[in-house]
Amino acid sequence: MLYSEKVMDHFKNPRNVGEIENASGVGEVGNAKCGDIMKVFLDIDGDTIKDVKFQTFGCGSAIASSSMATELIKGKSIKEAMELTNKAVAEALDGLPPVKMHCSVLAEQAIKAALVDYSKKNNIEIEGLDDFDFDTEHLHDEVHGEE
């Protein structure tokens, strides 16, 4: 499998690794079948994501996707973070092999799961979260042809 220089850079030198104590929102997604598990911590002030950290157990593409996704939303508004897609993560990494695209999906889902947690803790509604699909089991099977 051939990986872009950006994927290799974010895998070897991941940005925003760690945990935020008393995070505004925490989201964890993953699939035990393939072993990719992502946890995202958000520090939100007003409408701005002041800081974001991640912990990922998984392959190089999963680590690179987590790293890039956090870079793409840091300092952005909640609305901008909601607009982040797995395709944007993959494009920012100059592409991922087709069998690794689920890693960018997990990164998107982890951020949105953290936003769900934030919205529940603060009893607020974030547009677009109600209909977001967190079905990682189905996603894994679809990507790996196990349906």
Side-chain angles (χ1 to χ4, degrees), residues 1-122 126 128-129 132-146:
M1 235 178 287
L2 192 62
Y3 293 103
S4 71
E5 284 183 34
K6 278 190 186 175
V7 170
M8 293 307 295
D9 180 42
H10 277 266
F11 166 59
K12 291 179 178 176
N13 308 293
R15 284 64 151 182
N16 307 308
V17 174
E19 188 174 343
I20 297 174
E21 276 192 46
N22 303 313
S24 306
V26 180
E28 184 172 344
V29 297
N31 185 300
K33 271 189 186 176
C34 66
D36 294 326
I37 298 171
M38 296 180 184
K39 193 169 188 177
V40 169
F41 303 83
L42 300 175
D43 181 11
I44 300 172
D45 186 16
D47 186 47
T48 304
I49 297 171
K50 272 185 13 188
D51 197 11
V52 55
K53 301 277 185 207
F54 78 90
Q55 295 175 329
T56 293
F57 177 82
C59 66
S61 294
I63 292 165
S65 293
S66 301
S67 174
M68 181 57 82
T70 59
E71 285 287 277
L72 292 171
I73 66 163
K74 196 173 196 176
K76 304 281 199 250
S77 69
I78 291 172
K79 185 176 189 289
E80 289 171 308
M82 280 297 300
E83 292 168 358
L84 180 73
T85 64
N86 72 295
K87 287 181 179 70
V89 173
E91 285 172 12
L93 288 168
D94 293 337
L96 287 169
V99 298
K100 295 296 182 178
M101 279 302 288
H102 69 281
C103 295
S104 63
V105 174
L106 287 174
E108 175 190 355
Q109 289 179 333
I111 287 166
K112 291 184 175 152
L115 288 169
V116 166
D117 183 51
Y118 170 74
S119 70
K120 287 179 180 174
K121 284 179 179 173
N122 292 280
I126 297 174
L129 280 181
F132 191 75
D133 183 11
F134 291 96
D135 184 4
T136 57
E137 191 75 28
H138 175 77
L139 168 72
H140 174 271
D141 293 347
E142 191 177 292
V143 168
H144 293 285
E146 296 175 20

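Basis for what follows: all heavy atoms, side chains included, without hydrogens, waters or symmetry-related copies.
Side-chain atoms of Asp94 and Val7, non-hydrogen and from C-beta on, never get closer than 4.5 Å to each other. Under the 4.5 Å side-chain criterion, counting only non-hydrogen atoms from C-beta, Lys120 is in contact with Val116. With contacts defined as side-chain heavy-atom distances shorter than 4.5 Å, the pair Asp117/Leu42 does not qualify. Side-chain contact between Met82 and Leu115 is present, with at least one heavy-atom pair separated by less than 4.5 Å. You'll find the side chain of Cys59 reaches within 4.5 Å of the side chain of Asp36, heavy atoms only. The shortest side-chain heavy-atom distance between Leu93 and Glu91 does not fall under the 4.5 Å cut-off.
For Lys39, the side-chain contact (heavy atoms from CB on, under 4.5 Å) partners are Val26, Glu28, Phe41, Gln55, not counting sequence neighbours.
Using a distance-only test at 3.5 Å, with no hydrogens or angles considered, no donor-acceptor pair links the side chain of Asn16 to the main chain of Phe54.
Using a 4.0 Å cut-off between charged side-chain N and carboxylate O, Glu83 and Lys79 make a salt bridge.
Shortest non-hydrogen contact noted between Leu96 and Ala90 is CD1-CB, 4.3 Å. When all heavy atoms of Leu72 and Ala92 are compared, the closest pair comes out as CD1-CB, 4.1 Å.
With rounding to the nearest 0.5 Å, the separation of CD in Gln109 from NE2 in His102 is 11.0 Å.
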